[in-house]
2 protein chains.
Amino acid sequence: MINPLHIATFLSLHKTRHFTRTAEDLNMTQPGVTLHLQRLERELDVSLFARRGKTMELTPDGETFLRFARKQQKAEKELRDSLGEDSPFCGECRITCSGSMATRLYPALLQLQEHHRELRISLEAAPDATAVDLIKKNLMDLGLITSFIEDPQINITRIGHEELCLALPAHHTGVWADLLSLGYIDHPNGAHYASQVLEKNYPREFSGFADLPQKGYINQLSQILLPVSEGLGFTVLPESTVDLFPDQKRICKASLAVPCRETLYLITKKHRPLPNRYQLIRSCIDSLLSSGTAAPRETNR
Amino acid sequence: MINPLHIATFLSLHKTRHFTRTAEDLNMTQPGVTLHLQRLERELDVSLFARRGKTMELTPDGETFLRFARKQQKAEKELRDSLGEDSPFCGECRITCSGSMATRLYPALLQLQEHHRELRISLEAAPDATAVDLIKKNLMDLGLITSFIEDPQINITRIGHEELCLALPAHHTGVWADLLSLGYIDHPNGAHYASQVLEKNYPREFSGFADLPQKGYINQLSQILLPVSEGLGFTVLPESTVDLFPDQKRICKASLAVPCRETLYLITKKHRPLPNRYQLIRSCIDSLLSSGTAAPRETNR
DNA sequence: GATTTATCATAACAATATTTTATCAAATTA
DNA sequence: TAATTTGATAAAATATTGTTATGATAAATC
């Protein structure tokens with residue numbers, strides 16, 4: 001392995017072309033300089049300087065090494081600059097959450113990034129279990145999940161909720177017989193969402209997700225409502241997702257006797273303090289959630 | 001400065017997640033590993049691993065350092081690979097010569113490069129004095145010049161010659177009165193070339209370059225013959241340059257009573273052995289010069 | 001939940017490596 | 001050619017590094 005002190009000596013030597021002056025430059029004695037260069041050359045098994053008496057100049061290998069030495073020094077300097085510093089306005093922010101939450105969150109995050117150009121937003125849409133795993137493995141720093149978990153490695157806090165919404169083709173009312181005849185458009189969280197909403201609002205009629213007639217399945221969040229808008233079935237989704245569907249005329253939300261909301265949890269890795277830049281992210285999420293649930297339409301004027 | 005041994009220990013530690021096993025891995029004792037990490041963390045003033053009891057995992061700074069460490073190791077490996085090796089078929093070949101020689105030489109060198117794709121040809125057209133300077137400063141390795149110089153830092157050998165050629169507009173003969181009425185098209189080597197040729201072939205008439213009527217000046221080698229082809233003047237150039245002019249019908253070479261040739265010298269830096277790859281270059285130049293002067297037209301069939 | 005085992009941290013010591021002082025040899029300069 | 005500058009070498013001093021012995025703490029086992 002190359003001794004970095006040797007590199008420094010080499011660079012000074014190249015600058016001064018002088019052993020004695022290099023010694024002064026680096027606060028050492030002249031024999032020390034000689035030894036440094038000797039060891040470096042022996043370590044690499046090449047000669048770096050062609051020394052003819054008093055004059056010295058780089059050999060081709062010396063030129064190669066010079067490029068290497070400069071690169072190394074630059075790299076180390078950059079490392080030291082980047083380590084330890086914890087700017088609240090720059091660096092990578094790695095966030096994972098559900099697809100529906102991602103759709104809602106991403107525009108706000110990008111807006112944030114526009115104000116702080118040195119921020120880098122990485123958003124990974126993933127099911128809750130995967131999200132937890134990503135946090136555990138330090139592949140992501142912040143997670144938003146909808147199920148409460150207890151894990152010794154995870155910090156979890158309630159930060160808001162998402163209203164669940166029974167989405168129907170336009171002009172449908174949401175009576176049970178209607179739902180049955182329409183059938184369910186399933187998606188990755190479909191069973192969980194449907195069970196929650198239907199159990200509470202149709203306690204006598206709903207006998208389990210398995211008994212619900214299925215009309216299709218799609219795992220592309222932005223496309224789940226397409227079959228609904230075509231009158232091919234109904235589904236259950238977070239309200240924010242339904243609100244984002246472009247063709248609002250062709251769908252409608254059933255009014256639920258018992259509203260259902262999913263609690264949103266923010267998770268982080270325990271004993272891994274979040275870098276300062278995540279404060280921006282936190283407040284971004286917070287304001288999104290409060291405005292989003294209290295007055296979902298306000299943002300559209 | 002970062003101790004490279006510490007980097008190695010860090011990397012093994014990241015791989016094994018185990019101090020004892022790292023010690024075995026690197027043939028050292030466990031306390032040694034502990035010290036390495038401690039020193040590294042103190043040197044950088046950050047903690048690289050979050051250690052909670054038995055488990056350890058990288059901190060964000062640790063991840064940054066990991067990227068750095070891998071980069072460093074790769075860089076050092078590449079350095080060691082590239083040092084010392086002296087393949088006859090790859091690497092940069094830095095050659096400097098006159099513009100006319102460059103025009104002649106470059107196609108041949110490119111052909112060479114096509115056969116040896118790992119060769120890199122750098123050709124710098126420069127006047128003799130500059131060429132010598134480039135060689136002295138190790139900015140170029142091989143030079144072709146037309147004037148003999150004596151310099152304690154320079155090796156110089158005769159390797160061939162270039163025929164000088166009096167270039168006229170088509171249908172001119174080259175009698176002295178004709179030359180006078182045409183006038184001279186000057187270029188960077190114009191004075192030197194003209195003096196040589198005219199002195200020997202018009203010893204009585206020619207009284208010095210200053211007395212020759214000037215009709216223009218251009219330092220773009222490929223364009224010097226343009227005014228000649230338009231009938232605007234005559235000039236003196238190496239024969240190879242004249243032969244490369246595309247519009248041969250509109251120019252002609254005067255037949256000289258006393259042929260003039262410029263000796264070509266190859267120069268290198270003294271005490272700086274040429275890398276093996278220059279053998280290819282040498283033979284390329286040699287064959288070009290022999291075919292070029294012995295039978296200049298042969299290459300065109 | 002106590003005991004055992006495994007693992008990392010610490011301290012004193014030993015080994016190693018580095019740097020310096022003193023000196024010499026060679027090359028440049030006067 | 002002598003004087004001076006400059007780099008190389010050898011021995012000694014110093015600093016650094018790594019090791020052995022041991023202790024503390026966390027995980028594993030009974």
Side-chain angles (χ1 to χ4, degrees), chain A residues 1-59 62 65 69 136 151-154 269-272, chain B residues 1-59 62 65 69 136 151-153 270-272:
Chain A
M1 295 241 97
I2 296 170
N3 186 331
L5 256 44
H6 295 171
I7 297 182
T9 304
F10 170 85
L11 285 172
S12 174
L13 220 33
H14 172 253
K15 194 173 61 190
T16 65
R17 313 246 138 171
H18 211 280
F19 283 64
T20 311
R21 242 166 280 152
T22 288
E24 288 162 16
D25 186 26
L26 302 177
N27 295 314
M28 54 198 292
T29 57
Q30 171 266 312
V33 175
T34 299
L35 283 186
H36 273 197
L37 187 61
Q38 282 178 352
R39 285 189 197 137
L40 184 56
E41 291 187 325
R42 195 150 52 81
E43 164 75 29
L44 297 173
D45 197 28
V46 295
S47 75
L48 299 172
F49 286 103
R51 276 156 286 181
R52 299 199 59 75
K54 174 178 168 147
T55 60
M56 58 193 299
E57 53 187 17
L58 289 177
T59 60
F65 186 77
K136 276 192 189 175
D151 190 306
Q153 290 184 62
I154 296 285
K269 183 91 177 256
K270 234 173 209 163
H271 311 300
R272 194 178 214 255
Chain B
M1 296 241 98
I2 297 172
N3 187 330
L5 258 42
H6 295 170
I7 297 182
T9 305
F10 170 86
L11 284 171
S12 175
L13 219 34
H14 172 253
K15 194 174 61 190
T16 64
R17 312 247 137 172
H18 211 282
F19 284 63
T20 312
R21 242 166 282 152
T22 288
E24 289 163 15
D25 187 24
L26 303 177
N27 295 314
M28 53 197 293
T29 57
Q30 170 265 312
V33 175
T34 299
L35 282 186
H36 272 197
L37 187 60
Q38 281 177 351
R39 287 191 194 133
L40 184 56
E41 291 187 326
R42 196 149 52 81
E43 165 75 27
L44 297 173
D45 197 28
V46 294
S47 75
L48 298 171
F49 287 103
R51 277 154 284 183
R52 300 197 57 74
K54 175 178 168 148
T55 59
M56 58 193 299
E57 53 186 19
L58 288 177
T59 61
F65 186 77
K136 275 193 189 175
D151 190 306
Q153 290 183 64
K270 234 174 210 165
H271 310 300
R272 195 177 212 255

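Just so it is clear: chains get the letters A, B, ... in the order the sequence lines come, proteins before strands, and each one is counted from 1.
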Novice: Side chains of A/Gln30 and A/Thr34: is there a donor and an acceptor less than 3.5 Å apart?
Specialist: yes
Novice: Measuring from atom CZ of A/Arg39 to atom CG of A/Leu44, what distance do you get when rounded to the nearest 0.5 angstrom?
Specialist: 14.0 Å
Novice: Indicate whether any N or O donor in one side chain lies under 3.5 Å from an N or O acceptor in the other, for B/Thr59 and B/Ser47.
Specialist: no
Novice: For B/Asn3 and D/dG18, what is the distance between atoms CG and P respectively, to the nearest whole Å?
Specialist: 7 Å
Novice: Going 5' to 3' along DNA chain C, which nucleotides are the first and last within contact of chain B (any atom under 4.0 Å from a heavy atom)?
Specialist: C/dT7 to C/dT10
Novice: At what distance, to the nearest 0.5 angstrom, does CZ of B/Phe49 lie from CZ of B/Arg17?
Specialist: 6.0 Å
Novice: Please check the phosphate of D/dT9 (OP1 and OP2 only) for any side-chain N or O of A/Gln38 closer than 4.0 Å.
Specialist: yes
Novice: Can you check side chain to side chain contact (heavy atoms under 4.5 Å, CB included) on A/Met28 and A/His36, steps first, answer last?
Specialist: CA-CA 11 Å; A/Met28 54 198 292; A/His36 273 197; 3.5 Å; yes
Novice: Please determine, for the side chain of A/Arg21, which listed nucleotide (D/dT9, D/dT19, D/dT6) has the closest atom?
Specialist: D/dT6
Novice: Name the nucleic acid region contacted by A/His36, choosing base, sugar-phosphate or nothing; use a 4.0 angstrom heavy-atom cut-off, strictly under.
Specialist: sugar-phosphate
Novice: Taking 4.0 Å as the cut-off, does a side-chain nitrogen or oxygen of A/Arg51 come that near to OP1 or OP2 on D/dA8?
Specialist: yes
Novice: Nearest-Å distance, CE (A/Met28) to P (D/dT14)?
Specialist: 18 Å
Novice: Are B/Leu13 and B/Val33 close enough that some pair of their side-chain heavy atoms sits under 4.5 Å apart?
Specialist: yes
Novice: Just compare D/dG7, D/dT6, D/dG18 and give me whichever is closest to any side-chain atom of B/Leu35.
Specialist: D/dG18
Novice: Determine the contact category for B/Thr29: base if any of its heavy atoms lies under 4.0 Å from a base atom, sugar-phosphate if only primed atoms, P, OP1 or OP2 are that close, otherwise nothing.
Specialist: base
Novice: Figure out the CD/C1' separation between B/Gln30 and D/dG23, and round it to whole Å.
Specialist: 12 Å
